[in-house]
Amino acid sequence: MTIFQGRGHRKPSGGKLRRSRIKRRYELGREATLTRIGPNATKKLKTMGGNYKTIVMRTDTLNLLNPKDRSSSKVKIITVKSNPANSHYVQRNIMNKGTIVQTEKGLAKITSRPGQEGAINAVLIE
C-alpha cells in the first residue's frame, strides 16, 4: 500500500472534501526508514527527476563534532539513550534526527536525517 502525503478527504469541520483533481505521483510518500545499530548497510532509492537518495539501514559509527574545540571524528555508537520521536524506538535502538545516543566519547545528539541523507552526524552534548 502506498503512502499519500496530499490532502485528506475530510474537511476540518468533518465534512467530505470533494476532489478537484486526481492524486499526483509527486504526492506519494514511502514508509519510514528505521535506522538501527549494526553492521553498515545502505540502500539507494530512485527519486523524482532521476536522482538517487542514499538511506542508512544500519550503522555502528557516526561523525561526531565536539563543539568546544570544533574537531570532528568518527566514533562507535554503543546504544540509544532517548528518542523524542517515539519512546518505543529506544528499546529497539532505532535512530532518527534528534535522537540522543551513547558513544565512546559520551552522549551525542544526532543532527542529520539518516533515512534521507545517507550519513549520521552528531554533536557531543556531554
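Every value quoted in this text rests on a predicted model; they were computed, and no experiment measured them.
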ask   = Any idea which heavy atoms bring Ala108 and Ala122 closest together, and the distance?
value = CB-CB, 4.0 Å
ask   = Do Glu31 and Ile3 pass the side-chain contact (heavy atoms from CB on, under 4.5 Å) test, and can you show the C-alpha distance, the side-chain angles, and the key distance before you say yes or no?
value = CA-CA 7 Å; Glu31 290 189 24; Ile3 296 172; 3.7 Å; yes
ask   = Any side-chain donor-acceptor pair under 3.5 Å between Asn63 and Ser72?
value = no
key: Validation row: Thr54, Lys43 side chains within 4.5 angstrom (heavy atoms)   = no
Check: Ser112 side chain, Pro114 main-chain N or O, donor-acceptor pair, under 3.5 Å = no
ask   = Counting only heavy atoms not in Arg70, do more than 12 sit closer than 6.0 Å to its CZ atom?
value = no
inquiry  = Quick check on the hydrophobic clustering: are Ile37 and Ile110 connected, directly or via other members, by side-chain heavy-atom contacts under 4.5 Å?
reply    = yes
key: Shared-cluster residues of Phe4, by chain and number - hydrophobic side chains joined below 4.5 Å   = none
Side chain to side chain, Arg36 and Met95, heavy atoms closer than 4.5 Å = no
ask   = If every non-hydrogen atom of Gln116 is compared with every non-hydrogen atom of Ile55, which pair is closest and at what distance?
value = N-CG2, 4.5 Å
request  = Would you please name every residue forming a side-chain hydrogen bond (donor to acceptor under 3.5 Å, both in side chains) with Asn83, sequence neighbours left out?
outcome  = Asn96, Thr99
note = In terms of heavy-atom contacts, Ile77 and Leu62 come closest through CG1-CD2, 3.6 Å
key: Test side-chain contact (heavy atoms from CB on, under 4.5 Å) applied to Lys11 - qualifying residues, sequence neighbours left out   = Ser13, Leu17
message = When you compare the side chain of Met48 with that of Arg25, does any pair of heavy atoms fall below 4.5 Å?
response = yes
query = Rounded to the nearest 0.5 Å, how far apart are OG1 of Thr61 and NZ of Lys76?
reply = 8.0 Å
ask   = Does the Arg113 side chain pair with the main chain of Glu117, one donor and one acceptor, at a distance under 3.5 Å?
value = no
ask   = Do the side chains of Arg92 and Leu34 get nearer than 4.5 Å, heavy atoms only?
value = yes
message = So, taking the atom named CG in Asn86 and the one named CD1 in Ile94, what distance separates them when rounded to the nearest 0.5 Å?
response = 8.0 Å
request  = Find out whether Lys97 and Thr111 are in side-chain contact, i.e. whether some heavy atom of one side chain is under 4.5 Å from a heavy atom of the other.
outcome  = no
inquiry  = Give me the atom names and distance for the closest heavy-atom approach of Leu107 to Gln102.
reply    = CD2-OE1, 3.1 Å
ask   = Judged by modelled atom types alone, do Lys105 and Ser73 share a side-chain donor-acceptor pair under 3.5 Å?
value = yes
query = Considering only heavy atoms from C-beta outward, does the side chain of Ile78 approach that of Thr103 to under 4.5 Å?
reply = no
key: Shortest non-hydrogen separation from Arg19 to His9 and the atoms involved   = NH2-N, 4.5 Å
inquiry  = Quick one, Leu124 and Leu65 - any side-chain contact, counting heavy atoms below 4.5 Å?
reply    = no
note = Output for pair (Arg30 CZ, Leu28 CG), nearest 0.5 Å, gives 12.0 Å
ask   = Is the shortest heavy-atom distance from the side chain of Thr33 to the side chain of Met57 under 4.5 Å?
value = yes
